[in-house]
Protein chains: 2
Amino acid sequence: MAQESDCCSFFKAVADVNRVKIMLLLARGEMSVSQICGHFKMKQPSISHHLGVLRNAKVVECRKEGKEVFYRLNRCCVDSSCSGFMKRFTDKAEGGEV
Amino acid sequence: MAQESDCCSFFKAVADVNRVKIMLLLARGEMSVSQICGHFKMKQPSISHHLGVLRNAKVVECRKEGKEVFYRLNRCCVDSSCSGFMKRFTDKAEGGEV
DNA sequence: GTATAATATAGACAGAAGTCTATATGTTAT
DNA sequence: ATAACATATAGACTTCTGTCTATATTATAC
């Protein structure tokens, strides 16, 4: 099925405290990078790095407006990844090959 | 709330392909360490290491029987961690402090 | 054009994490 | 007590990851 890498890209993205904090911020609404930076001690490049990880994992999406980039949470990704993951452990069909 | 560390211990545990594979195996039922080893190329100490990570995160539980240790999946942990995590992003109350 | 601002990228570095070999611990059998 | 087996732990090594500084990129303003 080779689905582990996908599932893991989500979970790896979410396995960092600062990234979860960013996600919680974005859960309140769209935010520019500098606005996000305002909530952390980390430097801007570190924030950009985390946003990149979240973006690659489809956990957040962004849109450009002028010189700013606005990020928003992709709740669908969070929900489907979590739900899908749970399901894998109740679905008896899986586990045949590992 | 300082809940991030807990949530992250689960997600860190789950953010590794081999650990997810172990979990999928255990979803089929209780298994001894050597049985688990039989499904991987990794050496036994590596398996034990991963089991330790999963155990610390409460993702699996174990019981000793003679010289063998049987591990089983703690579905409750998986479900509550995933559900709880999803909830944090729909619950508007959170996000006040980060 | 140059300057300034917002974000991303590159590279260095430290610390975390995964895998290995070797060994310790604990359990059963002889 | 000794041996054999199952599992865990310790330590070394390598790779991955998070953070930083410095710089590149892109957009606006002058």
Side-chain angles (χ1 to χ4, degrees), chain A residues 4-26 29-74 98, chain B residues 4-26 29-74 98:
Chain A
E4 281 87 10
S5 55
D6 301 331
C7 113
C8 279
S9 91
F10 171 77
F11 285 118
K12 277 185 205 298
V14 157
D16 179 272
V17 186
N18 286 321
R19 285 196 287 268
V20 172
K21 287 181 181 177
I22 291 174
M23 290 168 68
L24 287 171
L25 266 181
L26 295 180
E30 209 176 45
M31 264 194 194
S32 74
V33 176
S34 49
Q35 282 179 302
I36 298 171
C37 286
H39 289 80
F40 292 89
K41 292 177 190 169
M42 277 183 298
K43 301 292 182 182
Q44 174 267 319
S46 301
I47 300 282
S48 272
H49 164 71
H50 287 308
L51 288 171
V53 173
L54 293 171
R55 213 174 42 223
N56 288 336
K58 316 276 187 209
V59 174
V60 302
E61 294 164 332
C62 62
R63 113 191 125 76
K64 214 171 172 177
E65 184 178 317
K67 15 181 185 182
E68 295 172 287
V69 179
F70 288 90
Y71 280 83
R72 61 183 173 282
L73 185 65
N74 182 1
V98 173
Chain B
E4 281 87 11
S5 55
D6 301 329
C7 112
C8 280
S9 92
F10 171 78
F11 286 118
K12 278 183 205 297
V14 157
D16 179 273
V17 186
N18 286 321
R19 286 197 286 269
V20 172
K21 287 181 181 175
I22 290 174
M23 289 168 68
L24 286 170
L25 267 181
L26 295 180
E30 209 177 45
M31 265 194 190
S32 73
V33 176
S34 50
Q35 282 178 300
I36 298 171
C37 286
H39 290 80
F40 293 90
K41 293 177 188 166
M42 276 183 296
K43 301 293 181 179
Q44 174 267 319
S46 301
I47 300 282
S48 272
H49 165 71
H50 287 307
L51 288 171
V53 174
L54 293 170
R55 213 173 43 224
N56 287 336
K58 316 278 187 207
V59 175
V60 301
E61 293 165 333
C62 62
R63 114 192 124 77
K64 213 170 173 177
E65 184 178 318
K67 15 180 187 184
E68 295 173 285
V69 178
F70 287 91
Y71 281 83
R72 63 183 172 283
L73 185 65
N74 181 2
V98 174

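Every chain is numbered from 1, with letters handed out A, B, ... down the list of sequences.
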Any side-chain N or O of [X] under 4.0 Å from OP1/OP2 of [N]?
{"X": "B/Ser34", "N": "D/dT7", "value": "yes"}
{"X": "B/Ser46", "N": "C/dG18", "value": "no"}
{"X": "A/Tyr71", "N": "C/dA8", "value": "yes"}
{"X": "A/Ser48", "N": "C/dT7", "value": "no"}

[X] [atom1] to [N] [atom2]: how many Å, rounded?
{"X": "A/Gln44", "N": "D/dT25", "atom1": "CD", "atom2": "P", "answer": "16 Å"}
{"X": "B/Lys41", "N": "C/dC20", "atom1": "NZ", "atom2": "C1'", "answer": "16 Å"}
{"X": "B/His49", "N": "D/dT14", "atom1": "NE2", "atom2": "C1'", "answer": "14 Å"}
{"X": "B/Asn56", "N": "C/dA17", "atom1": "CG", "atom2": "C1'", "answer": "14 Å"}
{"X": "B/Leu51", "N": "D/dT7", "atom1": "CG", "atom2": "P", "answer": "10 Å"}
{"X": "B/Leu54", "N": "D/dA8", "atom1": "CG", "atom2": "C1'", "answer": "15 Å"}
{"X": "B/Lys64", "N": "D/dC5", "atom1": "NZ", "atom2": "C1'", "answer": "13 Å"}
{"X": "B/Ile36", "N": "D/dT7", "atom1": "CD1", "atom2": "C1'", "answer": "11 Å"}

[X] side chain, from C-beta outward: closest of [options]:
{"X": "B/Glu68", "options": "D/dT9, C/dT7, D/dA6", "value": "D/dA6"}
{"X": "A/Pro45", "options": "C/dT9, C/dT19, D/dT28", "value": "C/dT9"}
{"X": "A/Arg55", "options": "D/dC20, D/dT17, C/dA8", "value": "C/dA8"}
{"X": "A/Asp16", "options": "C/dA6, D/dG18, C/dG26", "value": "D/dG18"}

Minimum-distance pair of heavy atoms, taken over all atoms of B/Asp16 and A/Lys12: CA-NZ, 4.5 Å
Check: A/Phe70 and A/Met31 side chains under 4.5 Å, non-hydrogen atoms: no
Separation between CD of A/Glu30 and CD of A/Gln35, rounded to the nearest 0.5 Å: 9.0 Å
Whichever of B/Lys67 and A/Lys43 has its nearest DNA chain D nucleotide further upstream toward 5': B/Lys67
Trace of the side chain to side chain contact (heavy atoms under 4.5 Å, CB included) decision for B/Leu25 with B/Leu73: CA-CA 9 Å; B/Leu25 267 181; B/Leu73 185 65; over 6 Å; no
Salt bridge present between B/Arg63 and B/Glu61 (N-O < 4.0 angstrom): no
